[in-house]
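Values reported hereafter were calculated over all heavy atoms of this structure, with side chains retained and with hydrogens, waters and symmetry mates removed.
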Amino acid sequence: MLMTLLQLKYIVKIVECGSMNEASHELYVSQPALSSSVKELENELGIEIFTRSSQGIALTVDGAEFLTYARQVLDQAALLEERYKHAKPRKQLCQVSTQHYMFAVEAFVEMINSIKSDEYEFTIRETRTRDIINQVANMQSEIGIIYLSDFNKDVIGKLLRGKHLEFHPLFRAPLHVFISRTNPLAMKKVVTMEDLKPYPFIQYEQGEEGSFYFYEEAVWPDYSPKQINVTDRATILNFIIGLNGYTVCTGIDNGDLNNEKIVTVPLDTDETMLVGWITNERAKLSKAAENYLEKLRSVVADHGYNLID
């Protein structure tokens with residue numbers, strides 16, 4: 001049996017969906033037929049593309065490398081069809097996973113506004129740190145946006161290397177806090193953790209497997225009598241306003257932060273956040289992903305931060 005474009009499309013769709021069952025529904029083929037096709041391809045190539053367990057499927061090291069080539073072949077096939085069959089171009093695809101950064105979303109909006117395509121399918125996921133790493137490792141996302149600090153860099157760096165991921169620094173940010181404009185601390189030029197002690201500390205929840213090393217906040221109080229864990233950015237902003245809480249951040253806002261009800265104030269600490277993006281070392285970025293990185297650099301620079309080459 002010879003490898004076919006259809007089999008390559010099957011592999012790409014399975015990775016995009018994250019499960020054989022969901023992929024079979026989107027491809028309009030039965031799950032046994034899909035599984036059999038994948039198995040035939042693995043036998044022909046002499047590699048295992050997916051590992052299979054009770055938790056589902058995951059790309060192997062060989063599978064991740066194969067996926068890169070499969071996507072390139074499908075892109076080339078689409079170009080041939082467009083040139084000689086006048087077929088519609090393939091949808092532009094791009095998937096990004098990120099910690100909860102407004103500048104990442106701002107760049108995503110600019111990327112979408114800049115494209116010239118009748119069809120596209122883009123995904124941005126604001127999610128937990130470990131999920132970002134896993135999604136890029138499994139090629140569910142091309143790019144992941146996280147930060148490193150003196151505290152977490154050894155643990156996160158080891159995890160990235162083990163999953164064949166590369167960290168690309170974007171900029172270094174001194175720490176700030178988001179607080180309500182009505183908070184008495186809003187008029188201070190700089191605040192300390194001691195100043196913040198009476199107010200609720202709000203942080204992004206990292207799940208059962210989360211640890212201090214995966215926190216999105218580069219520093220946190222030694223003890224906070226009032227602490228709230230949340231999962232999304234809208235909630236954290238509402239709690240800052242409604243409960244007079246605070247959270248630790250890079251200091252970048254989009255200039256229209258909740259109708260200017262929230263302000264950023266520098267935090268008195270020597271700690272910084274080295275913000276950057278991660279990629280899978282076996283993957284070649286799509287044009288849409290490269291466009292997104294270009295917009296990301298532009299947005300960060302527009303906010304007054306020095307880019308790291």
**Student:** Where do I228 and P200 come nearest, in terms of heavy atoms and distance?
**Tutor:**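 Shortest heavy-atom contact: CD1-CB, 4.4 Å.
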
**Student:** Give me the ring orientation class for F151 and W220: parallel if the planes are under 30° apart, tilted from 30 to 60°, perpendicular past 60°.
**Tutor:**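 Ring orientation of F151 relative to W220: perpendicular.
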
**Student:** Measuring from I146:CD1 to I133:CD1, what's the distance to the nearest 0.5 Å?
**Tutor:**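 Here the interatomic distance stands at 5.0 Å.
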
**Student:** Is it the case that one hydrophobic cluster holds both L5 and L41, taking links as side-chain heavy atoms less than 4.5 Å apart, direct or via other members?
**Tutor:**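 Looking at the clustering, L41 is in the same group as L5.
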
**Student:** How many angstroms lie between CD in E106 and CG in L296, if you round to the nearest 0.5 Å?
**Tutor:**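 These two atoms lie 10.0 Å from each other.
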
**Student:** Would you name the heavy atoms of S30 and S24 that are closest together and state the gap between them?
**Tutor:** C-CB, 4.1 Å

**Student:** Give every donor-acceptor pair under 3.5 Å between a side-chain atom in residues 167-179 and any protein atom, sequence neighbours left out.
**Tutor:**
| unit_1 | atom_1 | unit_2 | atom_2 | d |
| --- | --- | --- | --- | --- |
| H168 | NE2 | T279 | OG1 | 2.8 |
| R172 | NH1 | T272 | OG1 | 2.9 |
| H176 | ND1 | P174 | O | 3.0 |
| H176 | ND1 | T250 | O | 3.3 |

**Student:** Identify whether L185 and M187 are in the same connected component of the hydrophobic contact network (ILVMFWY, side-chain heavy atoms under 4.5 Å).
**Tutor:**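 Different clusters.
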
**Student:** Examine distances only and state if a side-chain atom of E22 and a backbone atom of S19 form a donor-acceptor pair shorter than 3.5 Å.
**Tutor:**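 Such a contact is absent between E22 side chain and S19 backbone.
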
**Student:** Kindly indicate whether the side chain of K197, heavy atoms from C-beta on, has any atom under 4.5 Å from the side chain of P221.
**Tutor:** no

**Student:** Is there a side-chain contact (heavy atoms from CB on, under 4.5 Å) between I308 and L274 once you walk through the steps?
**Tutor:** CA-CA 10 Å; I308 299 174; L274 180 61; 3.4 Å; yes

**Student:** Could you please spell out the steps behind the side-chain contact (heavy atoms from CB on, under 4.5 Å) verdict for N229 and Y204?
**Tutor:** CA-CA 6 Å; N229 301 318; Y204 288 107; over 6 Å; no

**Student:** Using a 4.5 Å cut-off on heavy atoms from C-beta on, say whether the side chain of I240 contacts that of K261.
**Tutor:**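 K261 does not reach I240 side chain to side chain.
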
**Student:** Run the side-chain donor-acceptor check on residues 97-105: report pairs under 3.5 Å with partners two or more places apart or on a different chain.
**Tutor:**
| unit_1 | atom_1 | unit_2 | atom_2 | d |
| --- | --- | --- | --- | --- |
| S97 | OG | Q135 | OE1 | 2.4 |
| S97 | OG | S141 | OG | 2.7 |
| Q99 | OE1 | Y101 | OH | 2.6 |
| Q99 | OE1 | Y147 | N | 3.3 |
| Q99 | NE2 | T129 | OG1 | 2.9 |
| H100 | ND1 | E216 | OE1 | 3.3 |
| H100 | ND1 | E216 | OE2 | 2.6 |
| H100 | NE2 | T231 | O | 3.1 |

**Student:** Is any side-chain heavy atom of R52 closer than 4.5 Å to one of V38?
**Tutor:**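 SC-SC contact between V38 and R52 confirmed.
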
**Student:** When you measure from the side chain of E126 to the backbone of D232, do you find a donor-acceptor pair of N or O atoms at a distance under 3.5 Å?
**Tutor:** no

**Student:** What are the two closest non-hydrogen atoms of N244 and S180, and how far apart are they?
**Tutor:** OD1-CB, 3.6 Å

**Student:** Shortest non-hydrogen contact from P266 to K189?
**Tutor:**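 For P266 and K189, the tightest heavy-atom pair comes out as CD-O, 3.4 Å.
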
**Student:** Does E48 reach the side chain of E42, with side-chain heavy atoms less than 4.5 Å apart?
**Tutor:**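 Yes; the side chains approach each other to less than 4.5 Å.
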
**Student:** Indicate whether any N or O donor in one side chain lies under 3.5 Å from an N or O acceptor in the other, for Q227 and Q203.
**Tutor:** yes

**Student:** Would the number of heavy atoms belonging to other residues, nucleotides or ligands and lying under 6.0 Å from CG of N113 be above 12?
**Tutor:**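 Yes.
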
**Student:** Determine whether the aromatic ring centres of W277 and Y292 lie less than 6.0 Å apart.
**Tutor:**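 No, too far apart.
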
**Student:** How far apart are the closest heavy atoms of M139 and A283, and which atoms are they?
**Tutor:** CE-CB, 3.8 Å

**Student:** With a 4.5 Å heavy-atom cut-off, do F50 and V15 have their side chains touching?
**Tutor:**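 F50 vs V15: side chains touch.
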
**Student:** Can you see which heavy atom on I145 is nearest to which on V275, and at what distance?
**Tutor:** CG2-CG1, 4.3 Å

**Student:** Going by atom types alone, do T235 and N238 pair a side-chain donor with an acceptor below 3.5 Å?
**Tutor:**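 No, because no side-chain N or O of T235 sits under 3.5 Å from a partner of the opposite role on N238.
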
**Student:** Measuring from atom OH of Y199 to atom CG of N183, what distance do you get when rounded to the nearest 0.5 angstrom?
**Tutor:** 4.5 Å

**Student:** So, do D195 and Y246 sit near enough that their side-chain heavy atoms are less than 4.5 Å apart?
**Tutor:**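 They are not in contact (no side-chain heavy atoms under 4.5 Å apart), so the answer is no.
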
**Student:** Quick one: are V12 and L67 in side-chain contact, heavy atoms under 4.5 Å?
**Tutor:**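 Yes, close enough: below the 4.5 Å cut-off.
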
**Student:** Just do the side-chain contact (heavy atoms from CB on, under 4.5 Å) check on F201 and L196 with the steps written out, would you?
**Tutor:** CA-CA 8 Å; F201 172 56; L196 294 162; over 6 Å; no

**Student:** Are L6 and L45 connected, step by step, through hydrophobic side chains (Ile, Leu, Val, Met, Phe, Trp, Tyr) whose heavy atoms are closer than 4.5 Å?
**Tutor:** yes

**Student:** Got V96 and F122 here, is their nearest side-chain heavy-atom distance under 4.5 Å?
**Tutor:** no

**Student:** Strictly under 6.0 Å, is that where the ring centroids of Y215 and F212 end up?
**Tutor:** yes

**Student:** Is there a chain of hydrophobic side chains (I, L, V, M, F, W, Y, each step under 4.5 Å between heavy atoms) that links L74 to M3?
**Tutor:**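 Same cluster: L74 reaches M3 through Ile, Leu, Val, Met, Phe, Trp or Tyr contacts under 4.5 Å.
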
**Student:** Could you go through E205 and R128, starting from their C-alpha distance and side-chain angles, then the distance that decides it, and tell me whether this counts as salt bridge (Lys or Arg N to Asp or Glu O under 4.0 Å)?
**Tutor:** CA-CA 8 Å; E205 188 259 341; R128 300 168 180 170; 2.9 Å; yes

**Student:** Does any donor atom in the side chain of E142 or S286 lie under 3.5 Å from an acceptor atom in the other side chain?
**Tutor:** yes

**Student:** Working to the nearest 0.5 Å, report the span between CD of Q31 and CG of N21.
**Tutor:**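 The CD atom of Q31 sits 4.5 Å away from the CG atom of N21.
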
**Student:** Is there a path of hydrophobic side-chain contacts, each under 4.5 Å between heavy atoms of I/L/V/M/F/W/Y residues, joining V219 to V155?
**Tutor:**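 Yes, V155 connects to V219 through the hydrophobic network.
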
**Student:** Quick one: do I14 and M20 satisfy side-chain contact (heavy atoms from CB on, under 4.5 Å)? Show the steps, please.
**Tutor:** CA-CA 6 Å; I14 291 168; M20 196 82 71; 3.4 Å; yes

**Student:** Could you tell me whether the side chain of T127 and the main chain of I132 form a donor-acceptor pair under 3.5 Å?
**Tutor:** no

**Student:** Rounded to the nearest 0.5 Å, what's the gap from CD1 on I49 to CD on E65? Could you check?
**Tutor:** 11.5 Å

**Student:** Enter the distance from L27:CG to K13:NZ here, rounded to the nearest 0.5 Å.
**Tutor:**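 So the CG of L27 and the NZ of K13 are separated by 6.5 Å.
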
